Amino acid sequence: MYPMNKDEPSLSPPGLSTVIPDWCGRHRWLLWAAVMALFLAGFNNQWRIGTDSSLHLNIGRCIAQGMGFTHPDGLQEMVSPGLAYMTAAGFYLFGPDHLLLSHVINFLLGVAGLGLTYWLFSLHTDRGTAVLMTVLLGTSETYYRHIFLLLTDLPFAVGALLGLVGYERLQQRSPRVWLSVLLIAAGIVLMAMFRAVVLTFIVALALAMLVDLIRAKRTKTLLALTIGLLAAVLASRLVDPNLSHPFQLNADEQIIYQRLVEKLPQTLEHAWSHNLPLLLRESTSEAVFAVDFGDIAGVFLSLASLACMLLMAVARRRSLWLILTLLFLVQWLAFFVADRYYLPLMPLVLYGWWWGAMQVERRLPRGWGRYVLIFMLVLLIVPNLIRVGRFIQVQRSTAFVEDYRRGRYQPIVELAGWMSTHVEANALVLSDKNHSQVLSYLSRRHVIEPRNAGQPPAGPFYVVEPLDEAGRRLLAERGYRAGQALFDTGSPDRPGWSIHPALPVPADDSPQPEDMNGAPNQ
């Protein structure tokens, strides 16, 4: 009861920033059960078709067939080995094109990411807040979607969480330092197995260790971590089949060197004119709020979420969180920006947004602060839940391919089915860069994009339309044109995809525009 005598000290009710975590802590099992129900509702063992995943699936098929870490079309693509070997295990154990094991592993990694998030924040703060952060991550559309995508981003994010938990244990001076070092080392190896940008995490970790341990004068721990870090880096280099020795630069590292050293002026110009607007207008708001709010609101919310995360890291004296965020931002601006790249930082972004909401509530008058906190939570939770619901609807659809990405890949699946039975096994098929890998995997035929085309083929040669400008230019340079369509997935009300024989152009002739132009890409 509140005191009736005005002379007695006033006992004000606790704010929502206290009530909500307390409620989450008391009902944690119910909340976790709800999140797991969402996870299970989305599982369907269907491959969500995409260019990036099909590249790894093609290599995984070669591994399972005993051809080694190579591509069936002879491409020299250097990719991290983790996802290819993960899919190869499923192909080897259950047969060609069986992706159940890969989907189960990815699902379990998603669950593990939630567990690591709870571990991280239970070390850093109270149990109720740790439960809240776990639930916010589990209902984040960006995180949820990637549990069902065969991509490298989720395993990489789980590796980053392992490293963050290990480092947080060190900062909290938890017992068994060896466990903290082991977690960091395991995280680095896992990240290196799936993405070459593990180098960013390693640099951030080294800088954070230097700052924190010198400040705390913990020389022995610094030495132990340095040894563990070097061992983890060496192990990650040794397991990479793309490298002939540990000190060789892989493809991504070569690109990093070129862009930051040899092509620095061009990199800065592209970062300012393209990547920074993309980061602020679209990618950040889609990653955090699951919605592109447009140029004005999107930029404001992107800046607000990033500012909350950075200020939180400074206020909470977390050097690794701050340095890692800044390095990732620099990396994205220098190379490429996408919402999925936020996955390693997503727990920190969500915690930063919650921390910002708490600061607002505590600094504004009680009524206004409470309303602003509620608004910030609704803005974060409701769009994500709506998008998660839509995602589940597609996953549970009986016509999955037709509903997935509004049927974008349905004609590709139809075309690949025809190719697998009507195109010769030794034939070469030219396609655009966005669909060549998908067609190659689905059809089991040699499908290449223009930049990977070698010498003119000795066997049968086909062209998939619509072809991009690079493909048309290549055909003209090689003296070919597309003949009459052998198979067309289109209909009177829907342009589709078609396959044509590639015919040599007579010396006194030139490619006919009507032969070279296909239906517009969907």
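Keep in mind that what you see is a predicted model, and the values were worked out from it rather than measured. Side-chain atoms are counted along with the backbone in the values below, which use heavy atoms only and exclude waters and symmetry mates. Residue numbers run from 1 in the order of the sequence given.
- With hydrogens and angles disregarded, no donor-acceptor distance shorter than 3.5 Å links the side chain of N384 to the backbone of G138.
- Taking CZ of R396 as the reference point, atom CD of Q46 lies at 10.0 Å (rounded to 0.5 Å).
- Salt-bridge formation is not detected for the pair D468/R473: no Lys NZ or Arg NE/NH1/NH2 atom is positioned less than 4.0 Å from an Asp or Glu carboxylate oxygen.
- Distance alone, capped at 3.5 Å, places no donor-acceptor pair between the S80 side chain and the G82 backbone.
- Using cut-offs of 30° and 60° for the angle between ring planes, the F69 and Y85 rings count as parallel.
- With S273 contributing its side chain and E269 its backbone, the two residues share a donor-acceptor pair below 3.5 Å.
- In this structure the side chain of R61 reaches within 4.5 angstrom of the side chain of D97, judged on heavy atoms.
- Ring geometry for Y404 versus Y409: interplanar angle under 30°, hence parallel rather than tilted (30 to 60°).
- Side-chain contact between L205 and Y167: present, with at least one pair of heavy atoms (C-beta onward) separated by less than 4.5 Å.
- With rounding to the nearest 0.5 Å, the separation of OG1 in T87 from NE2 in H103 is 10.5 Å.
- With hydrogens and angles disregarded, no donor-acceptor distance shorter than 3.5 Å links the side chain of N58 to the backbone of V438.
- Between M86 and I105, the shortest heavy-atom distance links the atoms SD-CG2, 3.3 Å.
- Sequence neighbours left out, the pairs with a member in residues 32-44 that pass side-chain hydrogen bond (donor to acceptor under 3.5 Å, both in side chains) are N44-Q395.
- S302 places no side-chain N or O within donor-acceptor distance of the main-chain N or O of R281, the cut-off being under 3.5 Å.
- Among all heavy-atom pairs drawn from V447 and S431, the shortest one is CG1-CB, 3.7 Å.
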I'd like to know whether M346 forms a side-chain contact (heavy atoms from CB on, under 4.5 Å) with T142, so could you lay out the CA-CA distance, the side-chain angles of the two residues, the decisive distance to 0.1 Å, and finally the verdict. CA-CA 9 Å; M346 191 58 68; T142 302; 4.1 Å; yes

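- Side-chain N or O atoms of T284 include none that pairs as donor or acceptor with a backbone N or O of L280 at under 3.5 Å.
- No option in L343, L190, V198 other than V198 meets the side chain to side chain contact (heavy atoms under 4.5 Å, CB included) test with F156.
- Considering OG of S498 and OH of Y462, their distance stands at 14.0 Å, rounded to 0.5 Å.
- Between W332 and Y342, the two ring planes are tilted [angle within 30° to 60°].
- Two residues are said to be in side-chain contact when any heavy atoms from C-beta on lie closer than 4.5 Å; L430 and V464 fail this criterion.
- No donor-acceptor contact under 3.5 angstrom links the side chains of S54 and H56, judged on distance only.
- In this structure the side chain of V330 never reaches within 4.5 angstrom of the side chain of L333, judged on heavy atoms.
- A ring-centre distance under 6.0 Å is found for F148 and F391.
- Checked against the 6.0 Å centroid threshold, W47 and Y441 count as a close aromatic pair.
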Check the pair R195, Y341 against side-chain contact (heavy atoms from CB on, under 4.5 Å), reporting the backbone distance first and the verdict last. CA-CA 11 Å; R195 292 191 66 190; Y341 292 167; 3.6 Å; yes

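- Within the 4.5 Å cutoff, the side chain of L350 has heavy atoms near those of the L137 side chain.
- Between the OG1 atom in T200 and the CG atom in L329 there is a gap of 11.0 Å [rounded to 0.5 Å].
- For the pair Y480 (side chain) and V463 (backbone), a donor-acceptor distance under 3.5 Å is absent.
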Take R387 and Y144, measure what side-chain contact (heavy atoms from CB on, under 4.5 Å) needs, and give me the verdict at the end. CA-CA 10 Å; R387 291 292 299 273; Y144 185 90; over 6 Å; no

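- Residues L486 and H422 have side chains not in contact (no heavy-atom distance under 4.5 Å, counting atoms from C-beta outward).
- Heavy-atom contacts from other residues, nucleotides or ligands closer than 6.0 Å to CG of L40 number more than 12.
- Between V337 and L278, the shortest heavy-atom distance links the atoms O-CD2, 3.7 Å.
- Residues L100 and F43 share a closest heavy-atom pair of CD1-CZ, 4.1 Å.
- A distance of 7.5 Å separates CD of Q393 from CG of D403, quoted to the nearest 0.5 Å.
- Within 6.0 Å of atom OH in Y92, 12 or fewer heavy atoms from other residues, nucleotides or ligands are found, so the atom counts as exposed in its surroundings.
- In terms of modelled atom types and a separation under 3.5 Å, the side chain of D292 and the main chain of S285 share no donor-acceptor contact.
- Two residues are said to be in side-chain contact when any heavy atoms from C-beta on lie closer than 4.5 Å; H435 and T51 fail this criterion.
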Criterion salt bridge (charged side-chain N to carboxylate O under 4.0 Å, His left out) on D52 and R340, from CA distance to verdict: CA-CA 13 Å; D52 290 343; R340 60 194 175 102; 3.1 Å; yes

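- Between the E424 side chain and the N426 main chain, no donor and acceptor come within less than 3.5 Å of each other.
- At a cut-off of 3.5 Å, with distance as the only test, no side-chain donor of H146 or D153 sits close to an acceptor on the other residue.
- Here the options are R406, R405, R48, E402, the test is side chain to side chain contact (heavy atoms under 4.5 Å, CB included), and the partner is V394; only R48 passes.
- Taking each heavy atom of T489 and E414 in turn, the nearest pair found is CB-OE1, 3.6 Å.
- How far OG1 of T70 is from CD1 of I63: 9.5 Å, rounded to the nearest 0.5 Å.
- Contact check for V158 versus L116: side-chain heavy atoms found under the 4.5 Å cut-off.
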Would V111 and M36 count as a side-chain contact (heavy atoms from CB on, under 4.5 Å) if you check the C-alpha gap in whole Å, the side-chain angles of each, and the deciding distance to 0.1 Å? CA-CA 8 Å; V111 176; M36 286 307 303; 4.0 Å; yes

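- Among all heavy-atom pairs drawn from L151 and P155, the shortest one is O-CD, 3.5 Å.
- Put simply, the side chain of H274 never gets that close to the backbone of H270: no donor and acceptor are under 3.5 Å apart.
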